[in-house]
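In this chain, residues are counted from 1 in sequence order.
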Amino acid sequence: MTQTVRAGFGWSSEESAWVLYIISPGLEPSELAVSWPEAVAPPSLLERYDVLAELGYAVVQGGPEAWEWSEAADDRGEPFLLAYAVVRPLTDREVTEQAALGPG
């Protein structure tokens, strides 16, 4: 049985930044994360996909519809937006192509 890995994306009040992170099948955020502390608006779709590739992942289904948006509340009751997308590890070919592009 294949276990689903997801990318999570949203505003972190702890970091005061937009954060993208990989979520393991057990629904625990991993150490693989990137943040945009200076960004007021959320990073673009292309920026998120570039970061996913740098982390070694790609979305299973591309485009804006890949991200499921929801609203939640933090422990203080403050609302925030959060998005999830199903991701997969890059193929060997994609890893080679990513390495040829160099650091983003």
Side-chain angles (χ1 to χ4, degrees):
M1 180 170 129
T2 303
Q3 297 204 335
T4 303
V5 176
R6 296 181 186 275
F9 172 72
W11 178 259
S12 168
S13 56
E14 285 181 13
E15 295 186 37
S16 294
W18 290 97
V19 179
L20 185 143
Y21 49 93
I22 301 301
I23 302 170
S24 68
L27 298 180
E28 292 295 322
S30 75
E31 296 297 316
L32 293 175
V34 173
S35 64
W36 290 266
E38 303 299 321
V40 175
S44 71
L45 191 62
L46 185 56
E47 287 175 297
R48 285 181 266 153
Y49 287 171
D50 286 346
V51 164
L52 278 173
E54 290 173 15
L55 295 175
Y57 289 86
V59 293
V60 171
Q61 173 187 336
E65 62 277 359
W67 296 88
E68 299 173 26
W69 289 89
S70 63
E71 187 173 344
D74 64 16
D75 54 355
R76 297 180 310 233
E78 297 291 324
F80 64 92
L81 290 174
L82 186 61
Y84 294 101
V86 177
V87 296
R88 60 169 176 78
L90 293 176
T91 64
D92 290 342
R93 179 179 169 193
E94 290 168 329
V95 169
T96 301
E97 290 170 354
Q98 183 67 22
L101 292 174

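- Because its NZ or CZ atom is both nearer than 6.0 Å to the ring centre of Phe9 and within 45° of the ring axis, Arg48 counts as a cation-pi partner of that residue.
- Taken to the nearest 0.5 Å, the CZ atom of Arg88 stands 4.0 Å off from the CD atom of Glu94.
- Remark: Leu32 CG to Leu20 CG distance equals 10.0 Å, nearest 0.5 Å.
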Let's go through Ile23 and Tyr84 carefully: what are the C-alpha distance in whole Å and the side-chain angles of both, what is the deciding distance for side chain to side chain contact (heavy atoms under 4.5 Å, CB included) to 0.1 Å, and is it a yes or a no? CA-CA 9 Å; Ile23 302 170; Tyr84 294 101; 3.2 Å; yes
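- Leu45 and Val60 are assigned to two separate hydrophobic clusters, defined by single-linkage of ILVMFWY side chains at heavy-atom distances under 4.5 Å.
- Side chains of Val5 and Tyr57 form a contact here, defined as non-hydrogen atoms less than 4.5 Å apart.
- A donor-acceptor contact shorter than 3.5 Å links the side chain of Trp18 to the backbone of Val40.
- Residues meeting the salt bridge (Lys or Arg N to Asp or Glu O under 4.0 Å) test with Glu97, sequence neighbours left out: Arg93.
- Hydrophobic clustering (ILVMFWY, side-chain heavy atoms < 4.5 Å, transitive): Tyr21 and Val86 are in distinct clusters.
- Relative orientation of the Trp67 and Tyr49 rings is parallel, given thresholds of 30° and 60° on the angle between their planes.
- Taken together through direct or relayed side-chain contacts under 4.5 Å among Ile, Leu, Val, Met, Phe, Trp and Tyr, Val51 and Trp69 form part of one hydrophobic cluster.
- With hydrogens and angles disregarded, no donor-acceptor distance shorter than 3.5 Å links the side chain of Glu15 to the backbone of Ser12.
- The only member of Val34, Ile22, Leu90 that meets side-chain contact (heavy atoms from CB on, under 4.5 Å) when paired with Leu52 is Ile22.
- Heavy atoms only, all atoms of each residue included: Ser35 and Val19 are closest at CB-CG2, 3.9 Å.
- Pairing each heavy atom of Val59 with each of Ala85, the nearest pair is CG1-CB, 4.1 Å.
- The minimum heavy-atom distance between Trp36 and Pro43, with the atom names listed, is CD2-CG, 3.2 Å.
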